[in-house]
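The block underneath contains the structure these notes are about, expressed in structure tokens.
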Amino acid sequence: MSSLSVRFLSSPLSSSTSARPRTRLAATQAVEPVAGEVDVSRLEARVEEREGYWVLKEKFREGINPQEKVKLQREPMKLFMEGGIEELAKVSLEEIEKAKVTKDDIDVRLKWLGLFHRRKHQYGRFMMRLKLPNGVTTSTQTRYLASVIRKYGKDGCADVTTRQNWQIRGVVLPDVPEILKGLAEVGLTSLQSGMDNVRNPVGNPLAGVDPHEIVDTRPYNNLLSHFITANSYGNPDVTNLPRKWNVCVVGSHDLFEHPHINDLAYMPAIKDGRFGFNLLVGGFFSPKRCAEAIPLDAWVSADDVIPVCKAILEAYRDLGNRGNRQKTRMMWLIDELGVEGFRSEVVKRMPQQELERAAPEDLIQKHWERREYLGVHPQKQEGFSFVGLHIPVGRVQADDMDELSHLADTYGSGELRLTVEQNIIIPNIENSKLEALLRKPLLKDRFSPEPLLLMKGLVACTGNQFCGQAIIETKARALKVTKEVHRQVAVTRPVRMHWTGCPNSCGQVQVADIGFMGCMARDENGKPCEGVDVFLGGRIGSTHTWEIYTRRVFLARTWCQ
């Protein structure tokens with residue numbers, strides 16, 4: 001293989017950069033309807049409970065999307081709660097493919113168990129997504145996950161995700177029942193981590209050790225995760241949502257949690273001398289729309305974190321649209337009802353049908369300079385430090401996971417923290433052990449505490465190596481491009497570059513300094529080739545501003561020449 005050659009080809013529209021089409025995209029705000037616009041009949045719940053599960057009423061089934069039809073045909077949670085996975089795992093793929101209902105089981109319903117069939121690029125193999133509230137995991141848990149992926153050879157690997165989570169790859173269906181048992185034994189679950197469920201609760205990755213934290217987010221995210229999954233037994237009250245739903249609890253001025261892109265964000269705030277949270281609602285990304293979370297004008301005490309989450313989820317479950325999947329995220333419902341209309345539906349579902357108005361201000365400092373967590377930093381506990389390790393595009397192998405676990409045990413407290421930038425933090429290291437840790441080969445060769453400036457903020461989704469929806473390969477390409485840019489360009493501060501393989505934006509390109517979204521384009525000879533849409537100037541923070549610009553450019557079909 002010869003030297004790397006990365007080329008962004010000129011647009012055939014014009015040789016002038018200024019002549020290329022440029023579209024300004026901004027995070028949208030919900031529009032409050034005029035009073036009385038929402039008909040009372042619109043507020044009838046569209047679902048009803050039947051035999052312990054929530055089902056769409058027959059009168060609301062016209063025009064529903066294909067995913068809703070799959071849920072109606074067979075309740076997905078029965079695969080877990082009624083032992084369906086044990087039976088399915090005994091059936092060969094050839095037999096499964098013969099009937100639509102079982103084919104839908106492996107392609108759709110198993111996502112309720114966190115299992116995603118990679119039909120397009122890894123037929124017969126699954127990605128398994130875990131629940132890891134606040135991104136906190138143990139060496140024992142990490143070693144178990146390593147043991148799972150090791151048996152799958154080149155097909156097995158793991159990724160740190162943009163929701164502080166683990167995803168493991170290469171899983172085959174016959175192994176799933178035993179893997180689920182193993183997860184339970186080490187205190188993990190994959191339940192309700194995909195499709196129309198609540199995703200992993202995100203919090204401050206430095207919670208509990210952060211000298212500047214406002215509140216330790218770990219207890220709240222643990223409570224949220226336990227509620228959402230009913231302590232890993234399955235909670236059908238919140239498994240038939242119209243679409244996926246994200247939640248975070250903010251614990252620091254840095255907004256490491258990215259609250260403005262969550263469906264529900266708890267912002268710490270004091271009201272009348274009481275600690276609690278102001279609420280933001282409705283943030284999300286999709287191929288057609290990016291919406292910034294907006295204030296619900298609501299404050300809850302620390303004791304009401306779960307009741308208000310339950311009320312908001314029930315309002316969304318009961319009233320959300322189930323037609324066009326591009327218009328089923330919660331912000332579309334907020335648009336339709338108006339903020340006050342949506343708020344009133346939440347109030348109806350609160351235990352006492354009461355919800356206080358927001359505190360005048362939250363506790364987030366508005367002009368806080370986001371801190372760096374990579375490298376060595378002192379903890380609030382005297383004599384201890386945490387070390388942030390750069391995990392290139394979040395990809396790890398089984399041996400890496402074992403070595404990280406060993407380092408956490410030997411130099412820390414046996415704990416690892418995952419971050420939304422796909423990196424890992426080892427906390428609770430005695431200062432006397434820092435020098436020995438930093439000399440370890442893994443930190444020298446693979447997971448540096450002091451990566452190149454351009455590498456620090458590099459994020460990449462799975463890409464088409466494993467994901468059937470991705471248009472381009474992302475992880476290897478992101479690393480190659482970044483290394484080449486570093487060779488040619490000198491920078492004085494980190495530049496956050498995010499890669500995502502398709503418009504679903506799992507790589508969150510809209511919040512990057514420079515974002516690359518996979519697409520198909522035409523090269524300089526007019527032939528189809530892999531391309532990207534380039535996004536510039538995205539930010540999320542205490543002084544966040546979404547001023548996202550995009551223009552179509554072209555990606556060389558051959559990267560190594």
Worksheet item: Does a side-chain heavy-atom distance below 4.5 Å link Thr474 with Thr462?
Response: no
Discussion item. Any side-chain to backbone donor/acceptor pair from Thr142 onto Met401? Under 3.5 Å, distance only.
Written reply: no
Item to complete: State whether Glu435 and Arg439 are salt-bridged, where the test is any N-O pair (Lys NZ or Arg NE/NH1/NH2 against Asp/Glu carboxylate O) under 4.0 Å.
Response: yes
Worksheet entry | Residues forming a ring pair (Phe, Tyr, Trp, His ring centres under 6.0 Å) with Phe386, sequence neighbours excluded | His377
Discussion item. Rounded to the nearest 0.5 Å, what separates atom CD in Gln164 from atom OG1 in Thr137?
Written reply: 12.0 Å
Worksheet item: Do Ile364 and Leu255 pass the side-chain contact (heavy atoms from CB on, under 4.5 Å) test, and can you show the C-alpha distance, the side-chain angles, and the key distance before you say yes or no?
Response: CA-CA 9 Å; Ile364 307 297; Leu255 301 188; 4.1 Å; yes
Worksheet item: Does Gln326 CD have over 12 foreign heavy atoms under 6.0 Å away?
Response: yes
Worksheet entry | Under 3.5 Å: donor-acceptor pair, side chain of Gln510, backbone of Cys290 | no
Worksheet item: Is any side-chain heavy atom of Tyr266 less than 4.5 Å from a side-chain heavy atom of Pro259?
Response: no
Worksheet item: Between the side chain of Ser225 and the main-chain N/O of Asn221, is any donor-acceptor distance below 3.5 Å?
Response: no
Item to complete: For residues Ile429 and Gly412, report the shortest heavy-atom separation together with the two atoms involved.
Response: CG1-CA, 4.2 Å
Practice prompt. Among Ile424, Ile426, Val209, find the one that has a side chain to side chain contact (heavy atoms under 4.5 Å, CB included) with Arg417.
Written response: Val209
Practice prompt. Kindly say whether Thr419 contributes a backbone atom to a donor-acceptor pair with the side chain of Asn423 at under 3.5 angstrom?
Written response: no
Worksheet item: Do you know which two heavy atoms are closest between Gly124 and His117, and how far apart they sit?
Response: N-NE2, 2.9 Å
Practice prompt. Compute whether any side-chain donor of one residue and acceptor of the other, for Gln379 and Asn428, lie under 3.5 angstrom apart.
Written response: yes
Worksheet item: Would Leu404 and Leu389 satisfy side-chain contact (heavy atoms from CB on, under 4.5 Å), going step by step from the backbone distance to the final call?
Response: CA-CA 10 Å; Leu404 286 166; Leu389 304 180; 3.8 Å; yes
Discussion item. Under a 3.5 Å threshold, yes or no: a donor from one side chain and an acceptor from the other, between Asp155 and Gln122?
Written reply: yes
Discussion item. Test your reading of the model: is there a side-chain donor-acceptor pair from Asp533 to the backbone of Met517, 3.5 Å cut-off?
Written reply: no
Worksheet item: Are any of the side-chain heavy atoms of Pro205 and Leu418 separated by less than 4.5 Å?
Response: no
Discussion item. Whether Lys456 and Glu372 form a salt bridge (side-chain N of Lys/Arg under 4.0 Å from carboxylate O of Asp/Glu) is what I want to check.
Written reply: yes
Discussion item. To the nearest 0.5 Å, what is the distance between CD on Glu430 and OG on Ser413?
Written reply: 10.5 Å
Worksheet item: ring pair (Phe, Tyr, Trp, His ring centres under 6.0 Å) with Tyr144: which residues, sequence neighbours excluded?
Response: none
Fill in: Heavy-atom side-chain proximity of Val511 to Phe285 below 4.5 angstrom
yes
Discussion item. Could you walk me through whether Arg119 and Asp107 satisfy the salt bridge (Lys or Arg N to Asp or Glu O under 4.0 Å) test, starting with their C-alpha distance in whole Å, then the side-chain angles of each, then the deciding distance to 0.1 Å, before giving a yes or no?
Written reply: CA-CA 8 Å; Arg119 173 178 290 276; Asp107 286 342; 3.0 Å; yes
Worksheet item: Could you go step by step and tell me if Tyr220 and Phe277 meet the ring pair (Phe, Tyr, Trp, His ring centres under 6.0 Å) rule?
Response: CA-CA 11 Å; Tyr220 300 104; Phe277 299 91; 5.2 Å; yes
Worksheet entry | Rounded distance [0.5 Å steps], CG in Asp399 versus CZ in Arg150 | 5.0 Å
Practice prompt. Step by step, work out the salt bridge (Lys or Arg N to Asp or Glu O under 4.0 Å) result for Asp400 and Arg395.
Written response: CA-CA 10 Å; Asp400 299 328; Arg395 174 61 51 82; over 6 Å; no
Show the atom names and distances, to 0.1 Å, of all donor-acceptor pairs under 3.5 Å that link a side chain in residues 186-196 to residues at least two apart or in another chain.
| from | atom 1 | to | atom 2 | distance (Å) |
| --- | --- | --- | --- | --- |
| Thr189 | OG1 | Leu191 | N | 3.1 |
| Ser190 | OG | Leu113 | O | 2.6 |
| Gln192 | OE1 | Asn235 | N | 2.9 |
| Gln192 | NE2 | Ile228 | O | 2.6 |
| Ser193 | OG | Arg129 | O | 2.8 |
| Ser193 | OG | Ser190 | O | 2.7 |
| Asp196 | OD1 | Arg325 | NH1 | 3.2 |
| Asp196 | OD1 | Arg325 | NH2 | 3.1 |
| Asp196 | OD2 | Lys71 | NZ | 2.7 |
| Asp196 | OD2 | Arg325 | NH1 | 3.2 |

Discussion item. Donor-acceptor check, side chain of Arg163 to backbone of Asn200, threshold 3.5 angstrom: yes or no?
Written reply: yes
Item to complete: With the side chain counted from C-beta on, respond yes when Val376 and Leu434 share a heavy-atom pair under 4.5 Å apart, and no when they do not.
Response: yes
Worksheet item: Would a 4.5 Å heavy-atom cut-off, applied to side chains only, mark Met128 and Leu183 as touching?
Response: yes
Worksheet item: Going by an N to O cut-off under 4.0 Å, is there a salt bridge joining Lys366 and Asp362?
Response: yes
Item to complete: Please tell me if the side chains of Val420 and Glu257 come closer than 4.5 Å, counting only heavy atoms from C-beta onward.
Response: no
Worksheet item: Hey, are the side chains of Ser252 and Ile214 touching, using non-hydrogen atoms and a 4.5 Å cut-off?
Response: no
Discussion item. Is it the case that atom CD in Gln381 sees more than 12 heavy atoms from other parts of the structure closer than 6.0 Å?
Written reply: yes
Discussion item. One thing to verify: whether Asp210 and Lys380 come together as a salt bridge, which I'm taking to mean a side-chain N less than 4.0 angstrom from a carboxylate O.
Written reply: no
Discussion item. Tell me the closest heavy-atom pair linking His498 and Val509, and the distance in Å.
Written reply: O-CG1, 3.5 Å
Practice prompt. Report yes or no: does Glu473 contribute a side-chain atom to a donor-acceptor pair with the main-chain N or O of Arg477 at less than 3.5 Å?
Written response: yes
Response to the item:
What one should report as the nearest heavy-atom pair of Ala291 and Met331 is CB-CG, 3.9 Å
Item to complete: Would you confirm whether Asp254, through its side chain, and Arg371, through its main-chain N or O, come within 3.5 Å as a donor-acceptor pair?
Response: yes
Worksheet item: Is it the case that Tyr373 and Glu421 place a side-chain donor and acceptor less than 3.5 Å from each other?
Response: yes
Worksheet entry | Residue pair Asn464 / Ile471: nearest heavy atoms and the distance that separates them | ND2-O, 3.4 Å
Fill in: Interatomic spacing from CZ in Arg169 to CZ in Phe126 - rounded to 0.5 Å
13.5 Å
Discussion item. For Glu450, I'd like to know if atom CD has over 12 heavy atoms of other residues, nucleotides or ligands within 6.0 Å.
Written reply: no
Worksheet item: Which residue, Val305, Ile306, Asn222, forms the side chain to side chain contact (heavy atoms under 4.5 Å, CB included) with Phe227?
Response: Ile306
Worksheet item: Sub-3.5 Å donor-acceptor pair from the side chain of Asp216 to the main-chain atoms of Arg218, do we have one?
Response: yes
Item to complete: Report yes or no: does Asn134 contribute a side-chain atom to a donor-acceptor pair with the main-chain N or O of Val136 at less than 3.5 Å?
Response: no
Practice prompt. Would you check, one step at a time, whether the test salt bridge (Lys or Arg N to Asp or Glu O under 4.0 Å) holds for Asp263 with Lys244?
Written response: CA-CA 9 Å; Asp263 293 276; Lys244 69 177 183 179; over 6 Å; no
Worksheet, complete the sentence: Looking only at heavy atoms, the pair that brings Asp409 and Arg143 closest together is OD2-NH2, 2.7 Å
Item to complete: Report the C-alpha distance between Leu224 and Val249 in whole Å, list the side-chain angles of each, state the deciding distance to 0.1 Å, and finish with yes or no for side-chain contact (heavy atoms from CB on, under 4.5 Å).
Response: CA-CA 10 Å; Leu224 285 166; Val249 182; 3.8 Å; yes
